[in-house]
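We count ligands from 1, going down the list as the structure has it; atoms in each ligand are counted the same way.
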Amino acid sequence: MAKNYEGCAIGIDLGTTYSCVAVWQEEQGRVEIIHNDQGNRITPSFVAFTDEQRLIGDAAKNQAATNPENTVFDAKRLIGRKYSDPIVENDIRLWPFKVIAGVDDKPMIVVKYKGQEKHLSAEEISSMILTKMREIAEAYLDSPVKNAVITVPAYFNDSQRKATVDAGVIAGLDVKRIINEPTAAAIAYGLDKKINCVGERNIFIFDLGGGTFDVSLVTIKEKVFTVKASAGNSHLGGEDIDNRMVNHFVEEFKRKNKLDISGNAKSLRRLRSACERAKRALSSMVVTTIEVDALFQGIDFSSSIARAKFEEICMDLFEECMETVDRCLVDAKMDKISVHDVVLVGGSSRIPKVQELLEEYFKGKNLCKSINPDEAVAYGAAVQAASLSEGIKNVPDVVLFDVTPLSLGIYAERDVMTVVIPRNTTIPVKKTKTCFTALENQPNVKIMVYEGERARATDNNLLGYLCLYGFPPGPPGHPFDVCFSIDENGILTVSAKDITNGNTREVTITNNIGRLSTGEIRRLIQEAEYYQAEDQKFLRKANAMNALSRYTYTMKNAMKHTNVSSKNLPMDEQKVRDAITEAENLLADNQQLEAYVFENCLNKVRSIFEPVVVKRKRARNDEVVALDE
Ligand code: AMP
């Protein structure tokens, strides 16, 4: 594989509910899944805003129940989509945070940060999560990280892929490659099982995560991974299952208490957390309980749910998964008995009923559970990142051939979708189609580019358009070439060329509908720096306050034995007591104060206290108290 950059590169699985970061360890010759600051190998894809600070990951998720309107999750469900997309409209109804339509119908998330209303795009929220993942890697590697491979669901369309690259750029990353999640999992599985991988093996990757469902059929032959077909559903995952459980218990609460909690964001959030826990429990137990204190209007809620009931309320979702599995095999033109291994990826693939249906479908084949479903994607991304990097020699050579998730084409006369690159074509790919003008003396042509499987062009998703000008007057049927080129990231470039009379013009697609412009990206990078600076400012103030508070406590402890009234105190000890009072007053009334005020105060109290301690020590032959820095 062509190595295209030097230095360390990380693999990031930017998930809907959780994200994971991994790196190839050259010395050990293996991938390391990196722990975050809480010691967890996966980090919630949550960002929260408060009056004082911005929180990302575990800290954001942990406070979600008390700050639901300003805790953003599921940004991946919005990325590269329009506000008026029915899927987005549906999601908005379920989220506790507000989403409004921005410029060009772009969905904008509304939060309150430091008392001010902020409008953020899904790219910005995703960039914050990516920044967190980068920082987790930097803390572990003890060096700056720039290069990354980021994974996306296989069915992500062109706009969603481009938006993910934009998110990476805003996070200060150089996105070396975007690869499909199931393909990354196939790499992890292929390397895990390399001893058995003689000849060609057909691997079916079943990836059911928190918000998305993705399947791929991958053929592995030595170092070559070829995706034969992929299919998926952008709206099928653990959260949809959680929603089913939430609805079930909302109804139960209504029956028991004659009260409807569905309009109360806080109650719903707390109920959802309890449902998610119960769902996980049901993967190993046949019945579980659910308890939420003071769920609504002070009423405690307690109930139980059996695995059979859980399966009943989610059965149509599970069956939808199996239909997608079938579609993928049809697209790959492969019989299910030719599949050698079925690999489970994504947290929701642990659900017993899902596993049972899969085993049944694949005629009793044992499912492969040897790779961790939460980490396989980041693992594969890290291998791909290392194999693209120049400095790294020890990494297994992996050659990837992925496929396009959707057909790409142009609008032809009478709204016909003329496909230039059919779905599931191996990428990278370049295809040219010769087209003709429809009218007499037509001076120019507007080429509308669509993606999707519908016969009518306008029923598909409009990606953008380009114009070709200056055809000479003449009858209809003037020829021109339209060239579609898809790179390794699955990103499309379209150009058009007038081929008559050696008169050539080439235009690269100009209007990428919904995509951030270079100017906007620049602005968002500056904003990301602003948030970063604000986070650091917050941390500096919190650290300075903590240090001052600890020092004051130490001073108070040390002075405890001086039980005389303050007017009888020696001059320097009175000074210490005054300094303690001053520090305590500052700490109590801290809202408007900057970090340096606490730092200066600490220096001042230290300079007053330390000589007193030394003096006392000399006087009483005491030990100097241990002082916190
Ligand atoms: P992922 O996006 O792959 O990290 O998957 C996260 C989803 O998996 C969340 O919806 C979790 O609730 C779900 N999940 C994790 N563990 C389990 C489990 N043991 N049983 C059912 N669902 C699970």
Side-chain angles (χ1 to χ4, degrees), residues 11-22 33 36 40-46 57-58 61 64 73-77 79 91 94-95 126 129 132-133 150-156 180-182 184-185 188-189 205-216 232-246 269 271-288 290 305-307 309-311 313-315 317-318 321 343-358 367 369 371-381:
I12 303 178
D13 168 11
L14 178 63
T16 314
T17 43
Y18 288 94
S19 295
C20 185
V21 58
I33 305 288
N36 66 18
N40 299 325
R41 289 157 78 93
I42 52 174
T43 300
S45 304
F46 277 58
D58 292 291
K61 189 170 185 194
F73 52 94
D74 276 0
K76 191 171 167 182
R77 291 200 192 235
I79 207 160
D91 277 336
L94 295 168
W95 288 327
S126 296
I129 298 159
K132 175 81 186 174
M133 302 319 284
I150 303 177
T151 59
V152 294
Y155 58 78
F156 250 28
N180 290 337
E181 287 161 10
Y189 178 75
I205 307 286
F206 180 94
D207 181 356
L208 187 58
T212 59
F213 174 50
D214 230 338
V215 292
S216 283
N233 184 333
S234 61
H235 219 293
L236 189 52
E239 285 180 352
D240 302 281
I241 295 167
D242 298 345
N243 285 342
R244 288 294 168 88
M245 291 181 84
V246 169
R269 180 80 224 153
L271 181 60
R272 183 179 304 277
S273 302
C275 285
E276 208 242 11
R277 275 194 303 277
K279 173 189 73 175
R280 288 175 187 249
L282 285 175
S283 290
S284 53
M285 302 194 289
V286 288
V287 65
T288 189
I290 170 161
I305 181 163
R307 192 189 280 175
K309 183 69 194 172
F310 166 75
E311 290 170 355
I313 59 177
C314 301
M315 199 56 191
L317 300 176
F318 301 155
C321 292
V343 180
L344 298 180
V345 184
S348 307
S349 70
R350 294 192 177 100
I351 295 172
K353 190 71 191 173
V354 170
Q355 298 187 355
E356 189 187 311
L357 290 172
L358 259 179
L367 309 175
K369 301 171 194 163
I371 53 170
N372 187 331
D374 300 323
E375 298 169 358
V377 172
Y379 185 114

- [ ] Please work out which of Ser283, Ala376, Gly209, Ser284 has its closest non-hydrogen atom nearest to atom 21 (C) of ligand 1.
- [x] Ser283

Task: Presence of salt bridge, Arg244 and Glu311, under 4.0 angstrom - done: no

- [ ] Heavy-atom distances under 4.0 Å are what count here, so tell me which part of Ser348 touches ligand 1: side chain, backbone, both or neither.
- [x] both

Open item on the list: Gly210 versus ligand 1: do any nitrogen or oxygen atoms come within less than 3.5 Å of each other?
Closed with: yes

Open item on the list: Taking 4.0 angstrom as the limit and counting only heavy atoms of Gly238, give me the atoms of ligand 1 inside it, by number and element.
Closed with: 10 (O)

TODO: Give the single entry among Arg350, Glu375, Lys279 that approaches atom 10 (O) of ligand 1 most closely by any heavy atom.
DONE: Lys279

Task: ligand 1 N/O within reach of Gly347 N/O, cut-off under 3.5 Å - done: yes

Task: Test item: Thr151 side-chain N/O and Val377 main-chain N/O as donor-acceptor pair under 3.5 Å - done: no

Task: Nearest-contact summary for atom 11 (C) of ligand 1 - protein heavy atom, Å - done: Glu276 OE2, 3.3 Å

Task: Sub-3.5 Å N/O-N/O distance, Thr17 and ligand 1 - done: yes

Open item on the list: Given Asp242, which partner from the list Arg272, Arg277, Lys279 fulfils the salt bridge (charged side-chain N to carboxylate O under 4.0 Å, His left out) test?
Closed with: Lys279

TODO: Number the atoms of ligand 1 from 1 as they appear, then name those within less than 4.0 Å of a heavy atom of Ile351, with their elements.
DONE: 21 (C)

Open item on the list: Under a 3.5 Å threshold, yes or no: a donor from one side chain and an acceptor from the other, between Thr16 and Asp74?
Closed with: no

Open item on the list: Can a donor-acceptor pair be found, under 3.5 Å and without considering hydrogens, that links the side chain of Asn233 to the backbone of His235?
Closed with: yes

- [ ] Compute the ring centroids of Tyr155 and Phe213, then answer whether they are less than 6.0 Å apart.
- [x] no

Task: For Tyr18, the ligand 1 atoms whose distance to one of its heavy atoms is below 4.0 Å - done: 4 (O)

Open item on the list: Check for me whether Thr16 has a heavy atom closer than 4.0 Å to any atom of ligand 1.
Closed with: no

Open item on the list: Show the atoms of ligand 1 that are less than 4.0 angstrom away from any heavy atom in Gly346.
Closed with: 3 (O)

Open item on the list: Check this for me: does any side-chain nitrogen of one of Arg77 and Glu239 sit under 4.0 Å from a carboxylate oxygen of the other?
Closed with: yes

TODO: Give the ring-plane orientation class for Phe73 versus Phe46, where under 30° counts as parallel, over 60° as perpendicular and anything between as tilted.
DONE: parallel

